[in-house]
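So the structure is just underneath, and the comments pick up after that.
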Amino acid sequence: MIEPRTLKGFRDFLPEAMIPREQLIDTARRVYRSYGYSPIDTPVLELLEVLQGKGGEESDRLMYHFRDHGDRAVGMRFDLTVPLARFAAQHIGVLGTPFKRYHIAKVWRGENTHRGRYREFMQCDFDTIGTESVAADTETVLVVHDLLQAIGISDFTIHLNNRRILNGLLAQLNLADQSGPILRALDKLHKIGADKVAAEMAATAGTSDEQAHQVLALSRVSGTNDEILAQLEQLLANNETGMAGIETLRAILRGAAAAGVESARIKLDVSIARGLDYYTGTVIETFLDRLPEIGSVCSGGRYDDLASVYTKERLPGIGASLGLDRLLAALEELQLIEKTATTAPVFIPYFDRDRLDDYLKLAAELRQQGLGVELYPESRKLAAQLKYADRRGFRFAIVAGSREFEAGQCQLKDLRAGTAQDLPLDAAQLATVIRSQLV
RNA sequence: GUGGCUGUAGCUCAGUCGGAUAGAGCGCCAGAUUGUGGCUCUGGAAGUCGGGGGUUCGAAUCCCCUCAGCCACCCCA
């Protein structure tokens, strides 16, 4: 016998896990569409040359790849952004700009597994291609905001930064060449503290004490968003790049406020520096206030050289990605996930052995009324069937035996409340009552 | 990739110094006068003790290898 098991980092999803998963995807889709993003899909497999060399050596090493039957070198997509770059370069002529797309799909990375990190996982990306307008930056923030609200999370904070502020400062200190190691160190500020960041910068980037001190001046920038902006303006007063970054942040804050986003939802955070090789401007990360340690659940930013390896046309873009698996883990920890293993609210026990056709008819009529209905497939004893319905999380059961059929009545049980009422055996009337109580 | 920890029933775990038929709770199945779930009671099924090798009279227990998971580091398009 072959032991049934899944590959390391690959998972099965049981109904109890899959139902909230699909709900989350539905919500993301609805929010993305409300901003005019359109769905696209791309192949799981691409020619290796299309995928490789876009995210650095590490990404190439993590990518699943092999030779196909025609001896072509192919790879499995490890994110949705590189395929988008190829897609945009190939089709932008017919799509036109600006082009807004969302893409909800699985990606694969052959890396070490961790809590919340798998080798096969879902990304929910949305991006706007072909505009450098700050309107797109602001809308990206708004989408993240609306998305988390729609999911039902009441307390979250969108951390906002701009790579040009960091780049400007480094240029000012003649450290532009060392931005990689410096920003990687700076990214750990919250985690390891200023002293250790300074030590790491000295070790990996060869910064002098004075340079480290200057870079860490960033770490002392704090206060309200307005206060942070004022401090940054002082730090970067003579730096065109830095000032441009500050102006972009200001514009996003203004725009978000105008669109009705509560000011406490957005926090300027100069230590956010992720996506080092990739992002060129706005950078965002989103944290749950009650579970910050789980990390960013929705991250993204602006990248202005997205498709340069595929086309001479300039295709700047901005977007973000919902970390579906991480968010689900968080929602579970915060007990915001309702546990049900059924998708239909109404259960009909197959109670009277001789009345199968009557049950089928009732179920069909209720479905025509727009209700999800499951009919139990075996005429077991009633207690067992009700127990099944209870375990699966059905909301209502419609009990009818020979007595009820003869009287033209049935019993509607609210399984959650533990109440029951007698009603006429009529689908339209039943549906009205059920709908009024479904909430 | 590095270091540490853990793998015993479907799930969560106990199992003494190496000792004989490997346990519990939950879940599952059946029942508690033939038509009503959650609570209770009774009974039942279910384990290659992750896998392989070794030491030993004897291994869930000790040793080696391997697979998987967790934690920290590294990395994170």
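- Judged by distance alone, the side chains of A:T241 and A:N167 never bring a donor and an acceptor atom under 3.5 Å apart.
- With C1' as the reference atom, B:U56 and B:C76 are 49 Å apart, rounded to whole Å.
- Not one side-chain nitrogen or oxygen of A:K381 sits closer than 4.0 Å to the OP1 or OP2 atom of B:A30.
- A:W108 places its CH2 atom 19 Å from the C1' atom of B:C76, with the value rounded to the nearest Å.
- For the C1' atoms, the distance linking B:C67 with B:A22 amounts to 24 Å, nearest Å.
- One distance of note links CD1 of A:I284 with CG of A:D269; it measures 12.5 Å at 0.5 Å rounding.
- Atom-to-atom, CD of A:Q385 to P of B:A30 comes out at 11 Å; the value is rounded to the nearest Å.
- Partners of A:Y118 by ring pair (Phe, Tyr, Trp, His ring centres under 6.0 Å), not counting sequence neighbours: none found.
- A donor and an acceptor atom, one from each side chain of A:Y359 and A:D352, are nowhere located under 3.5 Å apart.
- The side-chain contact (heavy atoms from CB on, under 4.5 Å) test applied to A:S133 returns A:T131, A:A135, not counting sequence neighbours.
- Mapping A:T6 and A:R117 onto RNA chain B by nearest heavy atom places A:T6 at the nucleotide closer to the 5' end.
- Take A:F99 and apply the ring pair (Phe, Tyr, Trp, His ring centres under 6.0 Å) test, not counting sequence neighbours, and it matches no residue.
- Partners of A:R164 by side-chain hydrogen bond (donor to acceptor under 3.5 Å, both in side chains), not counting sequence neighbours, listed by chain and number: A:T248.
- Every residue two or more places apart in sequence or in another chain was checked for a ring pair (Phe, Tyr, Trp, His ring centres under 6.0 Å) with A:F351, and none qualifies.
- Between A:D354 atom CG and B:G35 atom C1' there is a gap of 15 Å when expressed in whole angstrom units.
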RNA chain B base-pair string [pairs: Watson-Crick or G-U under 3.5 Å; |: paired with another strand] = (((((((..((((.....[...)))).(((((.......))))).....(((((..]....))))))))))))....

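- Among the protein residues, A:G9 comes within range of the sugar-phosphate backbone only, with heavy atoms under 4.0 Å from sugar or phosphate atoms but none that close to a base.
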Cut-off 3.5 Å, no hydrogens considered: what does the side-chain donor-acceptor table look like for residues 9-22 of chain A, sequence neighbours left out?
| from | atom 1 | to | atom 2 | distance (Å) |
| --- | --- | --- | --- | --- |
| A:R11 | NH1 | A:D325 | OD1 | 3.4 |
| A:R11 | NH2 | A:D325 | OD1 | 2.7 |
| A:R21 | NH1 | A:D325 | OD1 | 3.2 |

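- For the pair A:A400 and A:R380, both in contact range of RNA chain B, the more 5′-proximal nearest nucleotide belongs to A:R380.
- A gap of 12 Å separates the P atoms of B:C49 and B:A59, to the nearest Å.
- Among the nucleotides B:G35, B:A68, B:C74, the one closest to the side chain of A:K8 is B:A68.
- Between A:L62 atom CG and B:C76 atom C1' there is a gap of 8 Å when expressed in whole angstrom units.
- If you take atom P in B:G44 and the same atom in B:G25, they sit 13 Å apart, rounded to whole Å.
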Report, as a single string ordered 5' to 3', how protein heavy atoms within less than 4.0 Å touch nucleotides 36-45 of chain B: B base, S sugar-phosphate only, - not at all.
-> BBB-------

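- Within the structure, salt bridge (Lys or Arg N to Asp or Glu O under 4.0 Å) contacts touching residues 116-130 of chain A (residues at least two apart or in different chains) are A:R101-A:D127, A:K106-A:E120, A:E111-A:R117.
- Counting non-hydrogen atoms under 4.0 angstrom, A:D352 reaches nothing in the nucleic acid.
- Atoms CG (A:D422) and P (B:G35) sit 19 Å apart, rounded to a whole Å.
- A:N112 has its CG atom 10 Å from the P atom of B:A68, to the nearest Å.
- Distance check on atom P: B:A14 versus B:G54 gives 29 Å, rounded to whole Å.
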Could you write out each protein N or O paired with an N or O of nucleotides 6-13 of chain B at a distance under 3.5 Å?
none

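- A straight line from CD of A:E111 to P of B:U2 spans 16 Å, rounded to a whole angstrom.
- Across B:A72 and B:C26, the matching C1' atoms stand 32 Å from one another, rounded to whole Å.
- More than 12 heavy atoms of other shown residues, nucleotides or ligands fall within 6.0 angstrom of atom CZ in A:R435.
- A:F78 has its CZ atom 18 Å from the P atom of B:C75, to the nearest Å.
- Take A:Q385 and apply the side-chain contact (heavy atoms from CB on, under 4.5 Å) test, not counting sequence neighbours, and it matches A:F347, A:P349, A:Y350, A:Y376, A:R380.
- Residues satisfying the ring pair (Phe, Tyr, Trp, His ring centres under 6.0 Å) test with A:Y64, not counting sequence neighbours, are none.
- Straight-line distance between the C1' atoms of B:G47 and B:U12: roughly 15 Å, to the nearest whole Å.
- Taking the C1' atom of each, B:C70 and B:G27 are spaced 24 Å apart, rounded to whole Å.
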